[in-house]
Amino acid sequence: MSNPSLAATFAKAEQICRNNGVKLTAKRKNVLGVLLNSSKPLSAYEIVDLYRTAHQESLAPMSVYRMLDILSELPLVHKLSSENKYLACSHITCDHEHQVPQFLICKSCGKVAEKAIQASVIEALKESINQADFQLLNSQIELQCLCNECANPS
């Protein structure tokens, strides 16, 4: 692990785990590393394959799902429900409190950008949902988009 930013990310991830009474085991750290090294969101089965290649060790998909559940609760990892894929949080090393994320997903190349949603937007959504006699279960927003590279090929 010669990449200093990766080392800083793992150090912060370990601190977040400790603060939440969770152990960042070697396997959890390696799964997080697979996601951090990926340029796109990955399914659990893609993580299994990349993990096997990178660490010469097999993991059962159910074990990966359990690890992803734990990492998602912290949140070091985010699940894209619309894609059934996972990506590392882009704000692991930030010291500010994380806001609700929105994910801009390119339907052409699969690139994802994570952006925070203003609290006022979430409050307006909650109010609208409550007026419709529903309760919000998850405020994460996933927007299907085209990145500029795919929208404007040269």
Side-chain angles (χ1 to χ4, degrees), residues 1 3 5-10 12-14 16-17 20 22 24 27-55 59-132 134-154:
M1 178 175 62
N3 182 339
S5 66
L6 197 56
T9 301
F10 282 133
K12 184 67 174 189
E14 288 175 0
I16 291 168
C17 286
N20 287 281
V22 174
L24 186 61
K27 289 180 181 181
R28 290 175 187 163
K29 184 176 179 179
N30 290 340
V31 166
L32 179 59
V34 167
L35 290 169
L36 287 166
N37 287 318
S38 178
S39 61
K40 61 179 185 155
L42 300 171
S43 71
Y45 288 91
E46 290 169 324
I47 294 169
V48 166
D49 291 341
L50 290 169
Y51 188 101
R52 184 182 319 109
T53 301
H55 301 285
L59 287 178
M62 287 310 301
S63 294
V64 171
Y65 278 117
R66 282 192 295 275
M67 287 182 231
L68 290 168
D69 285 344
I70 291 166
L71 295 171
S72 294
E73 287 176 24
L74 296 172
L76 297 170
V77 167
H78 298 293
K79 180 180 182 182
L80 298 177
S81 298
S82 64
E83 309 279 320
N84 199 25
K85 293 189 176 188
Y86 299 83
L87 70 157
C89 177
S90 64
H91 301 285
I92 292 174
T93 57
C94 298
D95 285 327
H96 63 272
E97 186 173 326
H98 292 195
Q99 295 177 313
V100 174
Q102 69 176 329
F103 297 98
L104 312 176
I105 305 167
C106 180
K107 288 307 287 180
S108 182
C109 71
K111 181 167 88 174
V112 175
E114 177 182 346
K115 299 292 181 188
I117 301 173
Q118 294 178 1
S120 60
V121 173
I122 296 300
E123 288 307 313
L125 285 171
K126 284 181 183 175
E127 185 177 321
S128 176
I129 290 165
N130 289 340
Q131 288 174 359
F134 280 79
Q135 295 179 10
L136 182 65
L137 297 178
N138 180 355
S139 56
Q140 175 178 300
I141 296 175
E142 300 174 25
L143 300 172
Q144 305 304 312
C145 305
L146 280 178
C147 69
N148 285 340
E149 290 84 22
C150 292
N152 304 307
S154 16

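All heavy atoms count here, side chains included; hydrogens, waters and symmetry mates do not.
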Sequence neighbours excluded, which residues qualify as side-chain contact (heavy atoms from CB on, under 4.5 Å) partners of Ser82?
Ile105, Glu142, Gln144
Show the nearest heavy-atom pair for residues Leu24 and Glu14, with the distance to one decimal.
CD2-CG, 3.4 Å
Check each of Ile141, Ile117, Leu125 against Val100 using the side chain to side chain contact (heavy atoms under 4.5 Å, CB included) test, and report the only one that passes.
Ile117
Find the distance between CG (Leu50) and CG (Asn37) and round it off to the nearest 0.5 Å.
9.5 Å
Under 3.5 Å, is there a donor-acceptor pair between the side chain of Asn20 and the main chain of Val22?
no
In terms of heavy-atom contacts, does CD of Gln118 have more than 12 from other residues, nucleotides or ligands at under 6.0 Å?
no
Answer yes or no: is there an ion pair linking Arg66 with Asp69, defined by an N-O contact shorter than 4.0 Å?
no
For Ala88 and Leu32, work out which heavy atoms get closest and say how close.
CB-CD1, 4.2 Å
Just wondering, do Leu87 and Phe103 contact through their side chains at under 4.5 Å, heavy atoms?
yes
Here the gap from Asn30 atom CG to Tyr51 atom OH, rounded to the nearest 0.5 Å, amounts to 4.0 Å
To the closest 0.5 Å, what do you measure between CG (Leu104) and SG (Cys147)?
11.0 Å
Can you measure from CD1 (Ile92) to OG (Ser5) and round to the nearest 0.5 angstrom?
11.0 Å
Dump the intermediate steps for side chain to side chain contact (heavy atoms under 4.5 Å, CB included) on Leu68 and Ile47, then the final yes or no.
CA-CA 10 Å; Leu68 290 168; Ile47 294 169; 3.9 Å; yes
Work out which heavy atom in Val48 is nearest to a heavy atom in Pro61; give both atom names and the distance.
CG2-CA, 3.9 Å
Under the rule for side-chain contact (heavy atoms from CB on, under 4.5 Å), what residues qualify as partners of Ser38, not counting sequence neighbours?
Lys40, Leu42
Atom NZ of Lys12 with >12 non-hydrogen neighbours under 6.0 angstrom:
yes
Rounded distance [0.5 Å steps], CG in Leu74 versus CD1 in Ile70:
8.5 Å
Counting only heavy atoms not in Asn138, do more than 12 sit closer than 6.0 Å to its CG atom?
yes
Got a second to check how far Arg28's CZ is from Ser63's OG, nearest 0.5 Å?
10.5 Å
Under the side chain to side chain contact (heavy atoms under 4.5 Å, CB included) rule, what do Leu76 and Cys17 come out as? Steps first, then yes or no, please.
CA-CA 9 Å; Leu76 297 170; Cys17 286; 3.9 Å; yes
Non-hydrogen side-chain atoms of Glu149 and Cys109 separated by less than 4.5 Å
no
Taking the side chain as C-beta and beyond, is there a heavy-atom pair between Lys126 and Ile122 under 4.5 Å?
yes
Can you check side chain to side chain contact (heavy atoms under 4.5 Å, CB included) on Val31 and Leu59, steps first, answer last?
CA-CA 10 Å; Val31 166; Leu59 287 178; 4.0 Å; yes
Evaluate the side chain to side chain contact (heavy atoms under 4.5 Å, CB included) criterion for residues Lys27 and His55: first the C-alpha distance (whole Å), next the side-chain angles of each, then the deciding distance (0.1 Å), finally the verdict.
CA-CA 10 Å; Lys27 289 180 181 181; His55 301 285; over 6 Å; no
Minimum heavy-atom separation for Pro41 to Glu46, with atom names?
O-OE1, 4.1 Å
